[in-house]
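Have a look at the structure below, then the notes.
We name chains A, B, ... by the order of the sequence lines, and we start the count at 1 in each one. Here the structure is a predicted model, which is why all the values come from computation and not from measurement.
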Amino acid sequence: MKVSFKERVAGVVRRIPAGAVMTYKEVAAAAGHPGAFRAVGSLMKANRDPAVPCHRVVRSDLRPGEYNRGGERAKIARLTDEGVTVRDGRVKR
DNA sequence: TAGCTGACGCAAA
DNA sequence: ATTTGCGCCAGCT
């Protein structure tokens with residue numbers, strides 16, 4: 001069945017457990033499009049589904065990246081609350 | 001159908 | 001180590 005790229009991305013992000021983070025590139029690869037990390041970010045902002053924790057998707061540099069509502073700062077707060085260690089704007093692994 | 005935009009990635013300086 | 005510029009793909013108008 002035809003499933004749009006964003007549909008698969010939503011499915012992948014939805015499987016990310018709390019306390020874990022995945023990079024846009026990893027999500028894109030997991031969705032079947034390893035080079036579409038650009039589109040992933042675009043879909044994240046477009047996706048307002050509470051079942052899709054887009055805040056758990058970070059950049060490859062371990063930077064939180066942008067977010068709706070306060071940008072990086074809000075994202076860091078949410079990740080930290082879930083058990084993700086963030087140090088000075090960088091996700092600590 | 002074609003063109004533009006963007007919650008990015010990587011290389012170079 | 002950090003900053004700047006260019007390239008990339010899918011989605012939207």
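- Looking at residues 47-62 of chain A, you'll see Cys54(A), Arg59(A), Ser60(A), Asp61(A) sit with a heavy atom under 4.0 Å from some atom of DNA chain B.
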**Asked** Nucleotide by nucleotide, 5' to 3', does protein get under 4.0 Å of the base (B), only the sugar-phosphate (S), or neither (-) in nucleotides 3-8 of chain C, counting heavy atoms?
**Response** ----BB
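- Under a hydrophobic clustering in which Ile, Leu, Val, Met, Phe, Trp and Tyr are joined whenever their side-chain heavy atoms come within less than 4.5 Å, directly or via other members, Val52(A) and Val27(A) fall into the same cluster.
- Counting only residues at least two apart or on different chains, no side-chain hydrogen bond (donor to acceptor under 3.5 Å, both in side chains) pair has a member in residues 65-74 of chain A.
- Of the residues in residues 66-88 of chain A, those with a non-hydrogen atom less than 4.0 angstrom from any atom of DNA chain B are Glu66(A), Tyr67(A), Asn68(A).
- Under the side-chain contact (heavy atoms from CB on, under 4.5 Å) criterion, Ala77(A) pairs with no residue, sequence neighbours left out.
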Would you tabulate the pairs of protein nitrogen or oxygen atoms and nucleotide nitrogen or oxygen atoms of nucleotides 11-13 of chain C closer than 3.5 angstrom?
residue, atom, partner, partner atom, Å
dG11(C), OP1, Phe5(A), N, 3.4

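- Within the structure, the salt bridge (charged side-chain N to carboxylate O under 4.0 Å, His left out) test picks out no pair touching residues 14-29 of chain A (sequence neighbours left out).
- Here the P atom of nucleotide dG9(B) and the CD atom of Glu26(A) are 11 Å apart, to the nearest Å.
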Under 3.5 Å, which donor-acceptor pairs do the side chains of residues 42-51 of chain A form with other protein atoms, sequence neighbours left out?
residue, atom, partner, partner atom, Å
Ser42(A), OG, Arg38(A), O, 3.4
Asn47(A), OD1, Asp49(A), N, 3.1
Asp49(A), OD1, Ala51(A), N, 2.7

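- For the ring pair (Phe, Tyr, Trp, His ring centres under 6.0 Å) condition, the pairs that include at least one residue of residues 2-52 of chain A, sequence neighbours left out, are Phe5(A)-His33(A).
- Applying the side-chain hydrogen bond (donor to acceptor under 3.5 Å, both in side chains) test to Asp81(A) and every residue at least two apart in sequence or in another chain returns nothing.
- For residues 2-12 of chain A, there are no salt bridge (charged side-chain N to carboxylate O under 4.0 Å, His left out) pairs, not counting sequence neighbours.
- Atom CZ of Arg90(A) and atom CG of Asp61(A) lie 9.0 Å apart (nearest 0.5 Å).
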For residues 82-89 of chain A, dump all side-chain donor-acceptor pairs below 3.5 Å to protein atoms at least two apart in sequence or in another chain.
residue, atom, partner, partner atom, Å
Glu82(A), OE1, Arg56(A), NE, 2.7
Glu82(A), OE1, Arg56(A), NH2, 3.2
Glu82(A), OE2, His55(A), NE2, 3.2
Glu82(A), OE2, Arg56(A), NH2, 3.1

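- The distance between atom CE of Met44(A) and atom P of dG9(B), rounded to the nearest whole Å, is 13 Å.
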**Request:** Starting from the C-alpha separation in whole Å, work towards a yes-or-no answer on side-chain contact (heavy atoms from CB on, under 4.5 Å) for Val57(A) and Val21(A).
**Result:** CA-CA 6 Å; Val57(A) 185; Val21(A) 293; over 6 Å; no
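- What you find for Val9(A) and Ala31(A) is that their closest heavy atoms are CG2-CB, 3.8 Å.
- Looking at Met22(A) and Val12(A), their side chains come closer than 4.5 Å, going by heavy atoms from C-beta outward.
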